[in-house]
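In what follows, a single structure is set out as structure tokens and then discussed.
Being a predicted model, the structure only gives us computed values, none of them experimental. The figures that follow rest on heavy atoms only: side chains count, while hydrogens, waters and symmetry mates do not. In this chain, numbering begins with 1 at the start of the sequence shown.
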Amino acid sequence: MIQILKYGEVSADQIFSRVTPTVNVADIVSDIIATVRRDGDAALYAYCKKFDKADLASLQVTEAEMDEAMATVEPKFIEILQKAAENITKFHKCQVRNSFIINDEQGIVMGQKVIPVDRAGLYVPGGTAAYPSTVLMDAIPAKIAGVPEVVMVTPPNAQGKVNPVILAAAKIAGIDKIFKVGGAQAVAALAYGTESIPKVDKIVGPGNAFVAEAKKQVFGVVSIDMIAGPSEILIVADGNSNPRHLAADLLSQAEHDKLASAVLVTDSMALAEAVSVELERQIPLLDRAEIARASIDQNGKIIVAPDLTVVIEIANEIAPEHLELCVDNPFDYLDSIRHAGSIFMGRNCPEALGDYFAGPNHTLPTSGTAKFSSPLSVDDFVKKTQYTYFTKDALARVGYDVAFFAEKEGLTAHAKSAVVRLED
């Protein structure tokens, strides 16, 4: 049963503690990365046979396999994928940054160029967890950013096939190349390249502990989006909220993983108790009841605070991945929410809308990192380069100031590089 905590009557640690996964796979992952760097495709084939039980003839997904997938997936789901893609595209197009130029002083031109990375790599989980939504959320911003080549890796099943819904989403998102490889070895292949898989500049996408550790180890060789922790939801709710709805929303995250975190913060003890009862009623009805039960019992909590001001202070301190604002007049409170990956406003906006369909990205900062990081966006697939131009006369106006500044830092060669031009 979920624990109910009264703010001010229990320790801060009980209120703000988080699940910290303790799986240590660093050495295993390091060995896998080294093997892929040394053996290339041969290592990928061997790992695929070992971990996925698949004996592949080729790593790359063919056009025939893409066509087969599109024919296999029911038309209704294809239609929904296309609608979701349209919503995601519409939202992310608003994130596009433009280059700029400053030329308001005679003889001086400065500016910034916004340039997409040359190649992006997308990791998409496979096997029992097939997430076509992740394909759309990761690929569409890259395409909008103007990335010339988007490469996807995803593990096959024992028959050497990729889940058709994953391929259908990839087709709709416009992914350029798809390879049948998963785990830490897929991350290594994207980071360093093999005979078949090209080296990328940025790796994005979720995965298990091995994938997360591999992304951590290759960071610096390539850029990554984030190291994602267990899924989280925090609901801010007043006493007018429907306990049945809130329980369902908490369970929408609890079913992800036994380590997932589902938290309700409210100013109403009556609501807290009603939600606890609803959770006990709804959990046995779930297909993933065992996972949800473990998540709720081990990591779930309901925090009761004296008023909504304190409720929101608690939410900001936790800085959740997903935050539902289930209150009257939610826009009155929007500016008060400083730390959250994504905010779902009002009583008719379950977090699942964001997972699949609404348009904002569902790749979000977890484990409190929303205090300093952001959802995946078009910005993740571009870099910025600045430039400066001075004429001779423009340099003459400021050159001795530059030299004076440099000398104060003890860098006389810096100073000389400006002065020598003024002397000539």
task = Under the ring pair (Phe, Tyr, Trp, His ring centres under 6.0 Å) rule, collect the residues that match up with Phe51, sequence neighbours excluded.
result = Tyr47
ask   = Any idea which heavy atoms bring Thr154 and Met152 closest together, and the distance?
value = CG2-CE, 4.0 Å
query = Any salt bridge between Glu79 and Lys83, counting N to O under 4.0 Å?
reply = yes
inquiry  = When you compare the side chain of Tyr192 with that of Val218, does any pair of heavy atoms fall below 4.5 Å?
reply    = yes
message = Assess, by modelled atom type and distance only, whether the side chains of Gln217 and Glu213 contain a donor and an acceptor separated by less than 3.5 Å.
response = yes
Cut-off 3.5 Å, no hydrogens considered: what does the side-chain donor-acceptor table look like for residues 351-366, sequence neighbours left out?
from   : atom 1 : to     : atom 2 : distance (Å)
Glu351 : OE1    : Gln253 : NE2    : 2.5
Glu351 : OE2    : His322 : NE2    : 3.1
Asn361 : OD1    : Thr363 : N      : 2.8
Asn361 : OD1    : Thr363 : OG1    : 3.3
Asn361 : ND2    : His92  : NE2    : 3.2
Asn361 : ND2    : Met137 : O      : 2.8
His362 : ND1    : Asp355 : O      : 2.8
His362 : NE2    : Thr134 : OG1    : 3.3
Thr363 : OG1    : Asp138 : OD1    : 3.1
Thr366 : OG1    : Gly229 : N      : 2.7

Could you go through residues 58-67 and list every donor-acceptor pair under 3.5 Å that involves a side-chain atom there, pairing it with any protein atom two or more places apart or in another chain?
from  : atom 1 : to     : atom 2 : distance (Å)
Ser58 : OG     : Gln60  : N      : 3.4
Thr62 : OG1    : Glu65  : N      : 3.1
Thr62 : OG1    : Glu65  : OE1    : 3.3
Glu65 : OE1    : Thr62  : N      : 2.8
Glu65 : OE2    : Lys180 : NZ     : 2.7

ask   = With a 4.5 Å limit on heavy-atom distance, are the side chains of Lys202 and Asp380 in contact?
value = yes
query = Hey, are Asp201 and Lys383 close enough for a salt bridge, meaning a charged N less than 4.0 Å from a carboxylate O?
reply = no
task = Go through the steps for Val311 and Asp307 under the test side-chain contact (heavy atoms from CB on, under 4.5 Å), then give the verdict.
result = CA-CA 6 Å; Val311 166; Asp307 55 54; over 6 Å; no
message = Could you check whether Lys371 pairs with Glu317 (Lys NZ or Arg NE/NH1/NH2 to Asp/Glu carboxylate O, under 4.0 Å)?
response = yes
request  = Decide if atom CG of Asp287 counts as having more than 12 heavy atoms of other residues, nucleotides or ligands within a radius under 6.0 Å.
outcome  = no
query = Under 4.5 Å between any side-chain heavy atoms of Val204 and Ile224, yes or no?
reply = no
Sole residue of Leu325, Asn242, Asn240, Leu246 in side-chain contact (heavy atoms from CB on, under 4.5 Å) with Arg347 = Asn240
query = Would you call Asp225-Lys215 a salt bridge at under 4.0 Å N-O?
reply = yes
query = Taking side chain as C-beta onward, heavy atoms only, is Ser276 less than 4.5 Å from Ile4?
reply = yes
message = Using the rule given for salt bridge (Lys or Arg N to Asp or Glu O under 4.0 Å), can you reason through Asp176 versus Lys143, listing the C-alpha separation, both sets of side-chain angles and the distance that settles it, and then say yes or no?
response = CA-CA 10 Å; Asp176 299 292; Lys143 284 293 183 179; 3.0 Å; yes
ask   = Looking just at side-chain N and O atoms, do Asp41 and Ser196 make a donor-acceptor pair shorter than 3.5 Å?
value = yes
inquiry  = Salt bridge check, Glu278 against Arg244: does any charged N sit closer than 4.0 Å to a carboxylate O?
reply    = no
